[in-house]
Amino acid sequence: MEAPRHNRVLPALILAALVAWLGADLVSVAANRIVPGEGIATLDAIGWGGMLAGTLAMLSVAVLGFRPNPRKYRIAMAVTVATLMALPAVLALAAARQADSDMPQARLGIGPGFWVVLFVMLLAMIELRTRLGGSRLNGWALMFPVLLSWWLCLSWWLEPLALLQEFRGRSDQFVAAVLYHLALVGAAVGTSLLLGVALALAMRRFPALQRAGFGVLNFLQTIPSLALFGLLLAPLAWLAANVEWLSAIGVRGIGWAPALIALVGYSLLPMVRNTFVALSEVDPGVIDSARGMGMSRGQVFLQVRLPLALPVMLEGVRITTVQAIGLAAVAALIGAGGLGGFIFQGLGQAAMDLVLLGALPILGMALVADALLGALSERLRPGGAK
Amino acid sequence: MIELFDVTKRFGEETAVDGISLRVESGELCALVGTSGCGKSTTLRMINRLIEHSEGEIHIDGQPIRRFEEDTLRRRIGYVIQSTGLFPHWTVARNIGLVPRLLKWSPERIESRVDELMALLGLPRETFADKYPDQLSGGQAQRVGVARALAADPDILLMDEPFGALDPITREALQDELRELQARLHKTIVFVTHDMDEALRLADKLVVMDAGRIVQQGTPLELLHEPATPFVESMLGGDDRGLKEASLVTVGERMLALGPRLNATARVHRDATLRQALAVMFREHADRLTVIDDEDIPVGELSLQRLVGNTRHE
Amino acid sequence: MNERGVPRRANRAVHRWRLPLTWLALLLVLTVGMAELEGVFRWIETDSRQVIYDRADFVTLLGRHLLVVMVASLLATLVGVSAAIAVTRRAGRDFLPLVAQIASMGQTFPPVAVLALAVPVLGFGTLPIIVALLLYGLLPIVRNTLAGLQGIDSSILEAARGMGMSRGQVLRQVELPLAAPVIVAGIRTSVTVNIATAALGATVGASNLGDPIISGIVNGNTAYILQGALMIGLLALTVDSTFERLALRRARR
């Protein structure tokens, strides 16, 4: 059982990456926005040198990972990060080689081979981080050089990239959409935080509320988002038509009003559940001794119960936020705008790069929100990482 | 019969069990005693190959255990652990019938065997057969654990602190039951415990372990009379060990058998331990006790002198 | 059970299944008899000539929706549970940390984004949706199966091995039954999300209960939107309450 330890994970991952690297189309080139792109394999895209360099880098990660020790893991991690940093340069190289003065409209698309390599190398990074231990923050610190390299390449050398061209065409709209998306999520999370804490406190006061409260919230959570948006449409349209001040502040059957209401509705369940559980599950011995020391009810709540419950409550905020970022995208269907607008517009026009322009930032926002709030709740945990 | 020849177990750099040799005769109850981390549980678990030994050989009835297929070996050996390990999704009856089912006994034979064992361990069938483990008290659950281990009538029983999680009263009751069971069944039992009193009560042979080695082995009385090291002595309770010895000897072994003309009013049963007799003397302020049998008939006399083993002056 | 127990038991069973059965009945009634409600919808949507969605009948839409969700969920359950079992066995243990990480991180991905990203790779239509739902639906199943298997008290497994159960017997007779409630909860999450996400599939060319909603939004026909929303809502409630009953029954044993 204690035979020399092998780790087959990295070799398996790298095998998948190499198959894609050597076998699938790395990029595609299209003459303009309308025509479908033509796939180009790695060898043709970046030449022998680039292909060999990439192959060797990946192979070395597999070899280092097969019979690991901490030092080898660290070297493998360095190679992985370097590979991820080099990937945008690969695109730039491909773009430069394909540049053709006859086709100023030419657009460079990212091919399946590139996506797979990117995805697998990210997985390798996760695997290496898990094996090396280390805090959540360290892992994100490693992402920094990678993001920096991508940003540099995107701003200087990746002009023909289709994704970038979609962005260039609507950069103002893009910024507005991101801000709008954030505002919608922020408003929903903020509202549901206030409502949720109030509701949880009320439930602790009046246990009769618990069953009914959780029943309704569970019910809401079960209704699919598209359906809930739809169901809200009719009553809100009616209200807007019949109540003047509501229509004055912009409430319509479509738009931000149903989106916000639905987002709050979905957010309440995780918020209330986590707050309620967090407050209820504080060790009764601790509360007992606090009371025994002569702390008043208010002091017990503010100085003991709340601080102990905070990490779990934050967990609720994290779940809610991540969920709201995704749901806000669906809200674009009922005219709420935001990044979801790009997705559905792109789907409507079969413009895949526009879809990516909407979906990738949503993904990024969800990951960042998850990481930040997760780290915060870890930090607030008694004895957590400081 | 279980034999260990120079058995060593290493976990990576760490040596958990360091070259121990041990022989447990058939029908013997051998207690492995030591502080936590001394390697006693590891030793036990090497016998049914839940842990593979690194060096040395382990034989059961003269055969090296590696010659058997793991599962076959384990089905021949009963196994009882502290937390019972009962399957929470199975009824008591189904839990007990586990190994016979693994051995593909016929359903009728399994059922009658389960009945038999439930009766043997004082678990009335009608009350307990259809209960689930989380509906049992700690003592009941451990009875089921023992019944499950005995189900296929194995010759060998391995018990890893089986009574360690029970309250003192239940623990003593179960110790007594185990002693009675053992008197009838004559299993070869290896029993791991950190409780020296438990070991002294139950064991035919006592093995004291420390830091992966055997420090001393012998009968409980041998160890009490001549603890080999200060460690063994402290395990045996230091100055209290006289009292522990007193609880291993019965009144009947020390009394002076006499006719029925006895004048001491304080009485003690023949099967009581010397420790209990001493307690009676202390309570009654007497230095002499009349010893009686089951029918309350006086059969002898026990003086304080005799009790402490000094017979020269009588 | 005594003679009186049997009918009482049956009664209780009907009682317990009342909620899922109610949702199911409502769903079926609406599916078949949507046209009968024309008056109600006309009152809501006064502007349009056409108030009952008629590009496909609701039986077909419901059937397609169910088909997509069922195929995706069945495959996700099969693959997800097997994968989680594989990485908790000795041979696959190398992969456990990575798989656990992916399963928990993947939950962060919004379903819309996953669906949107699937289109460039897989194209439009029903198949891409099934694949996207399958991939996304894997995550809660893998995560819960892992949690269920790893949450089993190690002494129970030790006892099982110590009694001489083979690894396969331990898995089938002990691990899976004990992990079942957590696994079923994962499947429930997965199916619920799939029903919602499948509706979004209407925007990428799959025809299902999302269709009336999308078409209602595009044409400004509130009645269409309501019809689709009611159907999807009832479908979700039927499935979810069924799972809840299953979970309660298990808890009661």
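A note on names: the letters A, B, ... follow the listed sequences, proteins ahead of strands, and every chain is numbered from 1.
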Practice item. Name, in order of residue number, those residues of residues 93-121 of chain B that have a heavy atom at a distance of less than 4.5 Å from a heavy atom in chain C; otherwise write 'none'. Key: B:Leu98, B:Val99, B:Leu102

**Study point:** Contact origin within C:Gln169 toward chain B - heavy atom pairs under 4.5 Å
**Key:** side chain

Check your understanding: Taking C:Gly162, C:Ser155, C:Ala159 one by one, which has the highest count of heavy-atom pairs under 4.5 Å against chain B?
Key -> C:Gly162

**Study point:** Pairwise side-chain contact, C:Gln173 with B:Phe87, heavy-atom cut-off 4.5 Å (strictly under)
**Key:** no

Point to revise | Salt-bridge present (C:Arg161, B:Asp71; N to O < 4.0 Å) | key: yes

Point to revise | Within-4.5 Å side-chain heavy-atom neighbours: B:Arg75 and C:Met163 | key: no

Study note, to complete from the structure: The interface call for B:Arg45 against chain C, heavy-atom contacts under 4.5 Å, is side chain

Review point. Which heavy-atom pair separates B:Leu86 from C:Ile156 by the least distance, and what is that distance?
Key: O-CG1, 3.8 Å

Review point. Under a 4.5 Å heavy-atom cut-off, does chain C meet the side chain of B:Gln82, its backbone, both or neither?
Key: neither

Check your understanding: What option among B:Ile77, B:Asn48, B:Ile81 has the most heavy-atom pairs under 4.5 Å with chain C?
Key -> B:Ile81

